[in-house]
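In what follows, every heavy atom counts, from backbone to side chain, and hydrogens, waters and symmetry copies are set aside. Just so you know, ligand 1 is whichever comes first in the structure, and atom 1 is the first atom listed for that ligand. The structure displayed is predicted, hence computed values, not measured ones.
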Amino acid sequence: MTTETITRFAGAFVDGREHANDGDPLAVTNPGTGEVFAEVAGGSERDVDAAVRAASSAFEEWSAQAVSKRGEILGRAARHLEEHLEELIPLLTREQGKTLRDSHIELTKAVDTLMHYVGLSKALRGAHAPNLAPGVDGIVLRRPLGVVGAIVPWNFPTTLLCNKLAPALVAGNTVVAKPAGTTPLTTLRFCELLCEGGLPAGVFNVVSGSGSVTGTALVTHPQIRKIAFTGSTPVGEQIMALAARGIKRVTLELGGSDPMIICEDADLDAAASAASMGRFYNCGQACLAIKRVYVFESVADGVIEAIADKARRLKVGRGDVKGSQMGPLHTAGQRDEVAGQVERTLAAGGTLLAGGAAPEDAELEGGFFYMPTVVADSPHDAPMATEEVFGPALPIWRVRDLDEAIERANASPFGLGSSVWTRDLQRARRAAERIEAGYTWINSRTKVYDELPFGGWKSSGYGKEHGMEAFDYYTESKSVVFGSQA
Ligand code: NDP
């Protein structure tokens, strides 16, 4: 067992430089060892106010630039950041727990998203309504909102931030971000690197801190025009209620319980691999992940055994140890929550086919590990069917046909992602039309494309990120009519 030295951090990056927060300190823990290695000063109301004021002062000049110029500046900053990925990858693994490979994938994707919107900065076009009446034309102007507050969770601290940051900045807004209390370090360095790379002071600021103090101060600050939030559904509901004061704009990317439907004519090997990858990557801590599998009963035995076999063979280990395929959960609380959902589901009548406990390996004792778990044939009202499982545990059910599969898939308060596995494209199309979710993959899984709008239905969220559509959520529109004089 290692003993980590605790390093102290000022906790914020405001107006182009480090800012010393004066709130309560946050302990940053290495989930692979369970040891605290850093202490970060949390942001008080005063610290949030300083950041929002800096962003507000920077807004006038930033929003007045040509949109392509903003793209050019962001692009240069993103390239500078990219040159430092080798420094950020181990830092992300140390505070989040994910494998170095997953940190590499996350950070590369974060840069890709920034560059995607840099590209779009040269392609923005608007709407025009010609000849509304003889000699009368209309155009629709779009203008940035002002200062945007971005609040993100700990599972993908940088990509979830960039989904907000990139369209917000290109559209002309300035941003104050609050990372999760347990993952502030990568985000602080991320901000510093973008500023070093040429992002003007105050355009992007970060204040670490707890949700209850720093998060609430950001959401309720009178100069914040919009909150872009990713996190749990209960906190999303609170933010939506708080944002009512001042009619602040919100986008909410919330929880999910994505169904996967495997039909009898699917490529069953590919489907089993996708179920395993789609459930266990990032240790199952992803909003978009395969969280419920419904397999046609005629092929169920083979598919269920193939998925369980893959789960049993995954190499669980510390994120910074070569060869680890799945790291720890992010916190002890997160691990206990998942273990509790599995236990309650087994007690309700499910069959355990893999995992169901922490690993026995003494080397992993201090970390927050849990074995990849597969549970089959539980009742449809068991916790793993009705609650979001945010960890490496997959429930599987047998279904008669597509109608039953879709009925089960839709019997959830969530509606984020979904997938359908079949070689019959008409059947796939019918299923995609009927499943209540913001994304349906046909014969593929969980990959989000910057080109396509992404956002949940029902309790999974409100508004869209990604795609050209993201700009609609960071701007106000104004219709302007050029008329002939009456
Ligand atoms: P939380 O909702 O608890 O936290 C998310 C962020 O909100 C954190 O920064 C947190 O700070 C902050 N926060 C907490 N309370 C408040 C508050 N009252 N006011 C303002 N901010 C607050 O989510 P989890 O950490 O549990 O993250 C996992 C959840 O995120 C899952 O449900 C998952 O499905 C969802 N998610 C959704 C995605 C999507 O795109 N739809 C993508 C990824 C995850 P602190 O850390 O200090 O508590």
(request) For atom 4 (O) of ligand 1, decide whether some protein heavy-atom distance is shorter than 4.0 Å. (result) no
(request) Work out whether the distance between some heavy atom of A286 and some atom of ligand 1 is less than 4.0 Å. (result) no
(request) Check whether the side chains of Q96 and T183 place a donor and an acceptor atom closer than 3.5 Å, and report yes or no. (result) no
(request) Could you tell me whether a side-chain N or O of N410 sits under 3.5 Å from a main-chain N or O of E436, the two making a donor and an acceptor? (result) yes
(message) I'd like to check whether G181 has a polar contact with ligand 1, where a contact means an N/O of the residue lying under 3.5 Å from an N/O of the ligand.
(response) yes
(message) Using a plain distance cutoff, I'd like to know if C287 has any nitrogen or oxygen under 3.5 Å from a nitrogen or oxygen of ligand 1.
(response) no
(message) Side chain, backbone, both or neither: which applies to L218 and ligand 1 if a contact is any heavy-atom pair less than 4.0 Å apart?
(response) neither
(request) Check each of G231, G255, G461 against atom 35 (C) of ligand 1 and report the one with the nearest heavy atom. (result) G231
(message) What protein heavy atom lies closest to atom 34 (O) of ligand 1? Include the residue and the distance to one decimal.
(response) E388 OE2, 2.6 Å
(message) Could you work out, for atom 13 (N) of ligand 1, the closest of G211, G456, A289, G215 by heavy-atom distance?
(response) G211
(request) Give the residue and atom name of whichever protein heavy atom lies nearest to atom 23 (O) of ligand 1, and the separation in Å to one decimal. (result) S232 N, 3.3 Å
(request) Could you say whether the N/O atoms of W154 and ligand 1 ever approach to under 3.5 Å? (result) yes
(message) Would T233 count as being in polar contact with ligand 1, using the rule that some N or O on each side must be under 3.5 angstrom apart?
(response) no
(message) For atom 12 (C) of ligand 1, tell me which residue out of T183, T159, I151, I227 has the closest non-hydrogen atom.
(response) I151
(request) Determine whether the side chain, the backbone, both or neither of T230 has a heavy atom under 4.0 Å from any heavy atom of ligand 1. (result) both
(request) Determine, using heavy atoms of L416 and all atoms of ligand 1, whether some pair is separated by less than 4.0 Å. (result) yes
(request) For ligand 1, indicate whether the residue Q285 contacts it via side chain, backbone, both or neither (heavy-atom separation under 4.0 Å). (result) neither
(message) Between T187 and K178, do the side chains contain a donor N or O and an acceptor N or O under 3.5 Å apart?
(response) no
(message) Are any of the N/O atoms on S460, whether in the backbone or the side chain, positioned under 3.5 angstrom from an N/O atom of ligand 1?
(response) no
(request) Could you verify whether a donor N or O on one side chain and an acceptor N or O on the other, from S103 and T93, lie under 3.5 Å apart? (result) yes
(message) Tell me the contacting part of T182 for ligand 1: side chain, backbone, both, or neither, using a 4.0 Å heavy-atom threshold, strictly below.
(response) neither
(message) Within ligand 1, which atoms have a heavy atom of G209 less than 4.0 Å away?
(response) 47 (O)
(request) Can you pull out the closest protein heavy atom to atom 43 (C) of ligand 1? Residue, atom name and distance to 0.1 Å, please. (result) N155 ND2, 3.1 Å
(request) Just need the protein heavy atom nearest to atom 27 (O) of ligand 1, so name the residue and atom and give the distance. (result) P153 CB, 3.4 Å
(message) Can you report which non-hydrogen protein atom sits closest to atom 41 (N) of ligand 1, along with the distance?
(response) L254 O, 2.7 Å
(request) Would you check whether P179 reaches within less than 4.0 Å of ligand 1, judged by its heavy atoms? (result) yes
(request) Ignoring hydrogens and angles, state whether a donor on the side chain of S44 or D22 is under 3.5 Å from an acceptor on the partner side chain. (result) yes
(request) For L26 and T182, run side-chain contact (heavy atoms from CB on, under 4.5 Å): C-alpha distance rounded to whole Å, both residues' side-chain angles, the deciding distance at 0.1 Å, then the answer. (result) CA-CA 7 Å; L26 308 162; T182 50; over 6 Å; no
(message) Strictly distance-based, threshold 3.5 Å: is any side-chain N or O of T214 a donor or acceptor partner for the main-chain N or O of G43?
(response) yes
(message) Is it true that R292 and S257 share a donor-acceptor pair across their side chains at a distance under 3.5 Å?
(response) yes
(message) If only side-chain N and O atoms count, and only distance matters, is there a donor-acceptor pair under 3.5 Å linking Q334 with Q285?
(response) no
(request) List the closest protein heavy-atom neighbour of atom 15 (N) of ligand 1: residue, atom name, distance to the nearest 0.1 Å. (result) V235 CG1, 3.6 Å
(message) Below 4.0 Å, non-hydrogen atoms only: which portion of Q238 touches ligand 1? Side chain, backbone, both or neither.
(response) side chain
(message) If we only consider heavy atoms of F156, is any one of them less than 4.0 Å away from an atom in ligand 1?
(response) no
(request) Just jot down the salt bridge (charged side-chain N to carboxylate O under 4.0 Å, His left out) partners of E39, sequence neighbours excluded, or say none. (result) R8
(message) For F454 and H466, take the angle between the two ring planes, folded into 0 to 90°, and tell me which bin it lands in: parallel under 30, tilted 30 to 60, perpendicular over 60.
(response) perpendicular
(message) Taking distance alone, with N or O pairs closer than 3.5 Å, would you say K178 contacts ligand 1?
(response) yes
(message) Can you report which non-hydrogen protein atom sits closest to atom 28 (C) of ligand 1, along with the distance?
(response) F390 CE2, 3.6 Å
(request) Determine the minimum heavy-atom distance between C287 and E388, stating which atoms define it. (result) CA-OE2, 4.5 Å
(request) Check the angle between the aromatic planes of W154 and F390 and answer parallel, tilted or perpendicular using the 30° and 60° thresholds. (result) perpendicular
(message) Tell me whether K248 contacts the main-chain N or O of H221 through its side chain, where contact means a donor paired with an acceptor under 3.5 Å.
(response) yes
(request) Would you please name every residue forming a side-chain contact (heavy atoms from CB on, under 4.5 Å) with P167, sequence neighbours left out? (result) Y117, A470, F471, Y474
(request) Tell me yes or no: between the side chains of K164 and T230, is some donor less than 3.5 Å from an acceptor? (result) yes
(message) Please list the nearest protein heavy atom to atom 9 (O) of ligand 1 with its residue and the distance rounded to 0.1 Å.
(response) V152 O, 2.8 Å
